[in-house]
Participant: 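Structure incoming, see below.
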Amino acid sequence: MIRRWILIALVFALALILSACAPPAAPTAPASGQSTTAPATAVDFVTWYQYDQNNEDPASDERVGNAYLRQMIPRFNAAFAGQWNWVNQPKAFDKMATELVAAVQAGGEVPDLFQMASSMLNLFHRNGAVQDLSQWAQAQSWWDDLDPSAVQACTGADGKLYCIPVAELPHVVYVWKDRYPDGFPKTPEAFLAAAARLQSAGLYAMTFFGSTDFDGEGLTRGVWMTMSSFGGTMDDGHGNMLLNTPENIAAIAFLRQLVQKGYVPEISFAGGFQEEDAFKDASAGAFPTGLFGYRYVNPLHAPNGTVYNKRNEQDMLDAIAAGDVEFSTYFATPGHTPGCNVGVQGFSIPVGAKHPEAAYDYINWIMDPAQNADWVLGPGGGFPARISMSHTEQFQTPFYQKAAEVIKASNCRPWYGSLERPQEAKKLVMTTVYKLIKEDPTADIGTLLQSTQEEYNANN
């Protein structure tokens, strides 16, 4: 019995040895159309936009940008299938810049790509928040096609490029033609005469962002248009605030006069962008604001009774095409060209980004003509920074043609000049302007401007 079990064990061991020496079995052939390689896993590519792809509210102020992301995220992911997976994290437009700086300084999570406005440049440069893109950008096929002024808006004081410009956003004056049948006035004196005429009819000459809301955002619009059109400035060219000048004093005295005479509506100071309402119902004849404002100023009730009420960005475009709304330069004092603010929208790559190569791919994808116009018309809301794109069919509409004429006749420049802390500056200055024209119209203008100037410069 023992021998039998030993024999069985020997046979079993021999079988194991033979099976180990046998050649491997041939692999099973894949079914028709089935890949023989495992699918690659796409890496998350994270962006910070001020738009929210998950917000489908048709009345949302940011519905254009929201809809753009909903459409483009899957398109990008299809184009880079197996490589990148675009994940957007929406951020509040008035908080995202400081949030990025805080994240970089704390060594926290930052996006691979940041939707950047050129007004954030000095803040980012001062705090080392974004990467130098000079060498990479200059090696791309689209570099020589960029508008030099757009490139300059993305260039820091050290001559390095910190953002890629995609759209240029100048400011203009929207005008109801029937309120100004002879055209919008060209001088302050002519504007005052037109304002008195409109007031006698129970109307306002214009509305403007006159509140201190959103940390002084109003400074960048009608207030800066007035100051720059009077020959004013905000800085000395070397990073210091220069506010107490004869030109700035004259500009603020003019705004004070408009308020005191009742030529602008009270809603101009209500905040929450409510100043737009006076233009929407045509009770105010004009509205100085950003070119992109056409998306938000709706529905429109024209003086002739026409109602543009689609509750989307087409309202203003249709009113312009119909001739009810016109573009104009601001009025200016003798010897000065009408002024306005200008900036760019584009992209930066934060310091500490995990996948800068994804950002490079994304920027090149956006700069391609197949995608570029969609971005400029969508999140950009302005003119294309690529010069060749301005000649394409999408930008031959009445809106762009008329706006181009006005911008050509204006001296548009970034309101902050060389100031390295624009967020702080605009809040300080707009608070001062509000006090002078609304809260305390008897206060000495030069004294308060000098005090604000010194307060800012003390931290330089």
Participant: We want to know whether Ser60 and Asp57 form a side-chain donor-acceptor pair, criterion being a heavy-atom distance below 3.5 angstrom.
Facilitator: no
Participant: Apply salt bridge (Lys or Arg N to Asp or Glu O under 4.0 Å) to Asp145 and Arg386, showing your working.
Facilitator: CA-CA 5 Å; Asp145 191 34; Arg386 286 199 66 169; 2.9 Å; yes
Participant: Could you check whether the rings of Phe273 and Phe209 sit parallel, tilted or perpendicular, using 30° and 60° as the cut-offs?
Facilitator: perpendicular
Participant: Could you pull out the closest heavy-atom pair between Gly339 and Tyr330, with the gap in Å?
Facilitator: O-CB, 4.2 Å
Participant: Centre-to-centre under 6.0 Å for Phe124 and Phe114, is that the case here?
Facilitator: yes
Participant: Please report the interatomic distance CZ(Arg413) to OG(Ser228), rounded to the nearest 0.5 Å.
Facilitator: 5.5 Å
Participant: Is there side-chain contact between His125 and Glu420, with at least one heavy-atom pair below 4.5 Å?
Facilitator: no
Participant: Any chance the rings of Tyr68 and Tyr49 have centres within less than 6.0 Å?
Facilitator: no
Participant: What pairs of residues pass the salt bridge (charged side-chain N to carboxylate O under 4.0 Å, His left out) test when at least one of them lies in residues 247-259, not counting sequence neighbours?
Facilitator: none
Participant: For the residue pair Trp86 and Tyr362, categorise the inter-ring angle as parallel (less than 30°), tilted (30 to 60°) or perpendicular (more than 60°).
Facilitator: perpendicular
Participant: Does any donor atom in the side chain of Asn88 or Gln53 lie under 3.5 Å from an acceptor atom in the other side chain?
Facilitator: yes
Participant: Could you pull out all residues at least two apart from Tyr416 that satisfy ring pair (Phe, Tyr, Trp, His ring centres under 6.0 Å)?
Facilitator: none
Participant: Between Gln105 and Asn127, is there a side-chain donor-acceptor contact under 3.5 Å, judged purely by atom types and distance?
Facilitator: yes
Participant: What is the ring orientation for His355 with Trp84, classed by angle as parallel under 30°, tilted 30 to 60°, or perpendicular over 60°?
Facilitator: tilted
Participant: Applying the side-chain contact (heavy atoms from CB on, under 4.5 Å) criterion to Asn457, which one of Glu455, Glu454, Gln453 satisfies it?
Facilitator: Gln453
Participant: What closest approach, in Å, do Phe279 and Trp176 show between heavy atoms, and which atom pair accounts for it?
Facilitator: O-NE1, 2.8 Å
Participant: List the atom of Cys412, the atom of Pro170, and the distance in Å for their closest heavy-atom pair.
Facilitator: SG-CB, 4.5 Å
Participant: Any heavy-atom pair between the side chains of Trp365 and Met72 that's under 4.5 Å?
Facilitator: yes
Participant: Using the benzene-type ring in the case of Trp, are the ring centres of Tyr263 and Tyr204 under 6.0 Å apart?
Facilitator: no
Participant: Does Phe93 have its ring centroid less than 6.0 Å away from the ring centroid of Phe214?
Facilitator: yes
Participant: Consider only side-chain N and O atoms of Tyr162 and Ser348, and report whether a donor and an acceptor are under 3.5 Å apart.
Facilitator: no
Participant: Please identify each residue that fulfils side-chain contact (heavy atoms from CB on, under 4.5 Å) with Asp52, with sequence neighbours left out.
Facilitator: Asn54, Asn55, Asn66, Pro90
Participant: Before giving the answer on side-chain hydrogen bond (donor to acceptor under 3.5 Å, both in side chains), spell out for Asp235 and Ser418 the whole-Å C-alpha distance, their side-chain angles and the decisive distance to 0.1 Å.
Facilitator: CA-CA 6 Å; Asp235 72 302; Ser418 63; 2.6 Å; yes
Participant: Set out, in order, the CA-CA distance, both residues' side-chain angles and the distance that settles salt bridge (Lys or Arg N to Asp or Glu O under 4.0 Å) for Arg179 and Glu326, then state yes or no.
Facilitator: CA-CA 11 Å; Arg179 299 297 189 230; Glu326 295 183 329; over 6 Å; no
